[in-house]
Amino acid sequence: MSGKKEDFAPLVPGKVRMYVCGITAYDVCHLGHARSAVVFDIIKRYLRYKGFEVTHVRNITDIDDKIIARAAKENVTYDVIAKKYTDEYYRDMEMLGVGRADLEPNATDHIREMIKTIQGLIDKGFAYSLNGDVYFEVGKLREYGKLSKKNIEDLVSGARVEVNERKRSPLDFALWKASKEGEPWWESPWGKGRPGWHIECTAMSSKYLGDSFDIHGGGADLIFPHHENEMAQSEAYTGKPFVKYWVHNGFITVDKEKMSKSLGNFFTIKEILEKYEPEVVRYFLLTAHYRSPIEFSDVQLTEAELSIDRYYSTVTRIKDFLETAGTTEKPGTSADLEKLLAAFKDKFHHAMNDDFNTASSLGFIFELIREVNRFLDSKPSGNNAKELVIKTSELLAGIGGVLNIFNKTPEEWYRSLMKVKKIELSEEELLQKIAQRQEARKAKDWACADAVRKELEAKGIILEDKKDVTAWKVKAG
RNA sequence: GGCGGCGUACCCAAGUGGCAAGGGAGAGGUCUGCAAAACCUUUAUUCAGCGGUUCGAAUCCGCUCGCCGCCUCCA
């Protein structure tokens, strides 16, 4: 609310109530929707990891102008559209590792609550009805504009709002809209109609989280008018502060411009997942701070893929070491690794405590990766060395668990890459080629061995010769 | 016009008062039959520019330039 970072202290100690604006189910989701979902998924996971009991509500708007328009165009009822795109949404989210919210209410299941809130606002003098519509009277709320830091005069003078002559002010916004011919409707004290955009969040958040709660989130483009109006309604209705911390994520940009439906410069999640592994997309979204804009490009996604590959390569190396390390105690150069291991969790917590700095956290992960690689390069052996390496891999997995990345085995990662890169080669064929090459290598027929490697490389497969075996992986990037 | 944000190496990016994380790319090296991976060295005496505050600023203040967002549906 202050527009600054503040120390976090929930209204009820140990419990966090969080409401995040979900989607309007009228079309498939693009990467911008994914960012918002991933950001709040991380916030929830981290708060839980820190021991808070989190109640997360994420609504789905299943009735609004765009849904109605789409339904009319496809000649189906609005609920068919809403259902279809809600299902698509869940499919996308699951791919990206975004968990379900605790409560995922639909607007149309809460018409009664909304009507009650609207009636209350009328009774308190904050709203008025007009030919079956009901409007919130912005001028009645002195603090209107405090979230988006706008004042009413500026808004009025700059108003590009379509003027409805009968509204008392052009800024007054609809709580209830009378239905036109052929539109879906619900019975109300003001006649047949449907709810305005903002009222569902007011009604549903108070139903599930109470009049005041801790965190309200959504994309930065929702600050005005949506969240401003939502807060106006809620505070006018309850007389209590609505939300303690507003959290808004920044945009995805394409050529520096906001990715959006209206500009048409968007990429759907589905499209992107045809070219990139889901984990790559999630990782990419964590490489910049959640409030910063993040530029979408193939270069960025490719770099994310390379980073993840570096992680899994190291995991493989760790696994090999644990399987083959001898029992003779040989310490290796472990000082730097031990130092970092000791400090690692604090560093991670510090970064995440500071407004969920995932980019910084990822940096620490790669510092640790380098240190463990250095340690392994020093050819240690024995149980102490193993323990250090085990501790490292547990730490890495633990952090990965909080961010919900790095949770595959390297084999799963490479299989997944094979699929997404459409490499037409079965694992069986691949192993056959490798065996063939091993024969050649045994016979020191280097030309033949190199030919096989070259052949596979052309298909996107990299071979790595180890002590007695040859491992394969998919070329990242 | 009002409000808000951003500008850090070749690219991405963290850092918001005490000698500039991390990833990618480039160059050289170690290792290897050759590779790959990994590691090492190297690439910002400097953080858009100009002033100011301070023992000390990328970090605070002021101005200038450039880019973007919101003010209308939008994650």
Side-chain angles (χ1 to χ4, degrees), chain A residues 3 5 20-24 26 29-40 64-66 69 145 148-151 153-155 157-162 171 197 217-226 228 248-253 256-263 266 283-284 287-289 291-295 297 299-300 302-311 313-314 316-317 320 347 351 354 357-378 441 444-447 449-450 453-454 457 462-466 470-473 475 477:
Chain A
K5 287 193 254 188
V20 180
C21 287
I23 54 150
T24 299
Y26 77 105
C29 292
H30 65 240
L31 193 60
H33 300 98
R35 182 176 198 190
S36 184
V38 167
V39 162
F40 291 101
D64 102 311
D65 292 352
K66 282 173 300 207
S148 53
K149 299 191 175 54
K150 298 181 189 305
N151 63 61
E153 299 79 63
D154 287 347
L155 284 168
S157 64
R160 283 184 269 165
V161 188
E162 130 200 17
L171 300 182
W197 178 27
D221 45 4
L222 296 180
I223 295 172
F224 190 89
H226 181 53
E228 192 69 66
H248 291 105
N249 62 277
F251 304 124
I252 307 272
T253 57
K256 298 257 181 177
E257 279 188 321
K258 177 186 173 189
M259 180 185 285
S260 72
K261 291 291 281 194
S262 39
L263 284 171
F266 60 90
Y283 179 93
F284 160 72
T287 55
H289 185 94
R291 276 186 282 105
S292 308
I294 183 169
E295 172 79 9
S297 70
V299 173
Q300 300 290 322
T302 301
E303 287 187 3
E305 186 175 293
L306 285 165
S307 296
I308 298 172
D309 194 61
R310 180 163 159 78
Y311 180 89
S313 295
T314 304
T316 302
R317 210 176 162 204
D320 289 349
K347 291 174 97 164
D354 187 6
N357 195 334
T358 52
S360 180
S361 302
L362 294 176
F364 299 146
I365 288 178
F366 286 99
E367 272 180 24
L368 185 53
I369 296 246
R370 188 184 61 228
E371 287 309 332
V372 75
N373 272 316
R374 284 182 62 186
F375 178 59
L376 293 174
D377 275 357
S378 72
R441 289 185 73 215
K444 297 211 193 283
D445 182 353
W446 306 127
D450 288 350
R453 173 162 34 225
K454 228 173 162 187
E457 197 180 344
I462 298 281
L463 296 184
E464 284 189 21
D465 292 329
K466 300 182 185 178
T470 294
W472 64 273
K473 62 185 205 175
K475 189 173 190 316

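Values in this document were obtained by computation on a predicted structure and should not be read as measured data. Letters A, B, ... are given to chains in the order of the sequence lines, protein chains preceding strands, and every chain is numbered from 1.
Counting non-hydrogen atoms under 4.0 angstrom, A/G250 reaches a base of the nucleic acid. Among the heavy atoms of the strands lying under 4.0 Å from A/H289 are primed sugar atoms or P, OP1, OP2 only; no base atom is included. A/K256 comes within contact range of the sugar-phosphate backbone alone, with a heavy-atom separation under 4.0 Å but no base atom that close. Heavy atoms of A/S262 sit under 4.0 angstrom from at least one base atom. Contacts of A/K66 with the nucleic acid, taken as non-hydrogen atoms under 4.0 Å apart, involve only primed sugar atoms and P, OP1 or OP2. Residue A/I252 is classed as a base contact, given a heavy-atom separation below 4.0 Å to a base. Using a 4.0 Å heavy-atom distance criterion, A/K150 is classed as a base contact.
One can place CZ of A/R35 at 13 Å from C1' of B/G69, the figure rounded to the nearest angstrom. Whole-Å rounding puts the A/E295 CD to B/C12 P distance at 9 Å. As a whole-Å value, the separation of A/E228 CD from B/C3 P is 15 Å. Here the C1' atom of nucleotide B/G5 and the CD atom of A/E257 are 16 Å apart, to the nearest Å. Here the P atom of nucleotide B/G69 and the NE2 atom of A/H226 are 22 Å apart, to the nearest Å. Atom pair A/I365:CD1 and B/A14:C1' shows a separation of 14 Å (rounding to whole Å applied). Atom CG of A/L171 and atom C1' of B/C3 are 15 Å apart (whole Å). The separation between A/L368 atom CG and B/A38 atom P is 15 Å, rounded to whole Å.
Comparing the P positions of B/A75 and B/U59 gives an interatomic distance of 36 Å, to the nearest angstrom. Separating the P atom of B/U16 from that of B/C11 is a span of 23 Å, rounded to the nearest Å. Here the separation of B/A14 from B/C3, taken at their C1' atoms, is 28 Å to the nearest Å. B/C60 and B/C47 have their C1' atoms separated by 15 Å, with the value rounded to a whole Å. The P atoms of B/A44 and B/A9 are separated by 11 Å, rounded to the nearest whole Å. Distance noted for atom C1' between B/U46 and B/A36: 36 Å (whole Å). A distance of about 11 Å separates the C1' atoms of B/G49 and B/G7, rounded to the whole Å. With both ends at atom P, the span from B/G2 to B/G17 equals 31 Å, rounded to whole Å.
A/L222 approaches A/C21 most closely through the heavy-atom pair CD1-CB, 3.7 Å. Taking both residues in full, the closest heavy atoms of A/A449 and A/R441 are given as CB-CG, 3.7 Å, listed atom of the first, atom of the second, then distance. Scanning all heavy atoms of the two residues, the minimum distance from A/S36 to A/G219 falls at OG-N, 4.1 Å.
Heavy-atom distances to RNA chain B give each of A/I369 and A/P293 a nearest nucleotide, and the one nearer the 5′ end belongs to A/P293. Residue order along RNA chain B, read from the 5' end via each residue's closest nucleotide, puts A/R374 first among A/M259 and A/R374.
Residues that satisfy the ring pair (Phe, Tyr, Trp, His ring centres under 6.0 Å) test with A/Y26, not counting sequence neighbours, are absent from this structure. A/H30 is linked by a ring pair (Phe, Tyr, Trp, His ring centres under 6.0 Å) to A/H33, A/F266, counting only residues two or more places apart in sequence or in another chain. For A/E367, the side chain to side chain donor-acceptor pair (under 3.5 Å) partners two or more places apart in sequence, or in a different chain, are A/K347. A search for ring pair (Phe, Tyr, Trp, His ring centres under 6.0 Å) contacts involving A/H289 returns nothing, not counting sequence neighbours.
Salt bridge present: A/E464 and A/K473 bring a charged side-chain N and a carboxylate O closer than 4.0 Å. Look at A/E371 and A/R374 and you find a salt bridge, because one of the NZ, NE, NH1 or NH2 atoms lies within 4.0 Å of a carboxylate O, short of that distance. Taking a cutoff of 4.0 Å between a charged side-chain nitrogen and a carboxylate oxygen, A/R370 and A/D377 do not qualify as a salt bridge.
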Name the pairs: protein N/O against N/O of nucleotides 29-35 of chain B, kept only if under 3.5 Å.
unit_1	atom_1	unit_2	atom_2	d
B/G33	O6	A/R437	NH2	3.3
B/G33	O6	A/R441	NE	3.4
B/G33	N1	A/D450	OD1	3.0
B/G33	N2	A/D450	OD1	3.2
B/G33	N2	A/D450	OD2	2.7
B/C34	O2	A/D450	OD1	3.3
B/C34	O2	A/R453	NH2	2.5
B/C34	N3	A/R453	NH2	2.3
B/C34	N4	A/D465	OD2	2.8
B/A35	N6	A/D465	O	3.4
B/A35	N1	A/D465	N	2.9
B/A35	N3	A/R453	NH1	2.9

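Nucleotide B/C6: paired with B/G66 (Watson-Crick or G-U wobble, both distances less than 3.5 Å). Nucleotide B/U16 is matched to nothing when pairs are restricted to Watson-Crick or G-U wobble geometry with both distances under 3.5 angstrom. Across every strand in view, B/G1 sits in a pair with B/C71 that passes the Watson-Crick or G-U test at under 3.5 angstrom. The nucleotide B/U42 finds its pairing partner in B/G26, both defining distances of the Watson-Crick or G-U wobble pair being shorter than 3.5 Å. If you check B/U54 for Watson-Crick or wobble pairing at under 3.5 angstrom, you find it has no partner at all. Nucleotide B/U59: unpaired (no Watson-Crick or G-U wobble partner with both distances less than 3.5 Å). Figure legend. B/A35 is base-paired to no nucleotide; pairs are counted as Watson-Crick or G-U wobble with both atom distances under 3.5 Å.
Taking 4.0 angstrom as the limit, A/K258 places a side-chain polar atom (N or O) nearer than this to OP1 or OP2 of B/C70. Between A/N151 and B/C3 there is no side-chain N or O to OP1 or OP2 distance below 4.0 Å. Contact between the side-chain N/O atoms of A/N373 and the OP1/OP2 oxygens of B/C39 is found at a separation under 4.0 Å.
One distance of note links CG of A/D65 with OG1 of A/T24; it measures 10.0 Å at 0.5 Å rounding.
The number of heavy atoms from other shown groups lying within 6.0 Å of NZ (A/K475) does not exceed 12.
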With B for base contact, S for sugar-phosphate-only contact and - for none (protein heavy atoms under 4.0 Å), nucleotides 19-24 of chain B reads --BSBS
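In this structure, A/R317 and A/V372 have side chains that are not in contact, with every pair of non-hydrogen atoms separated by 4.5 Å or more.
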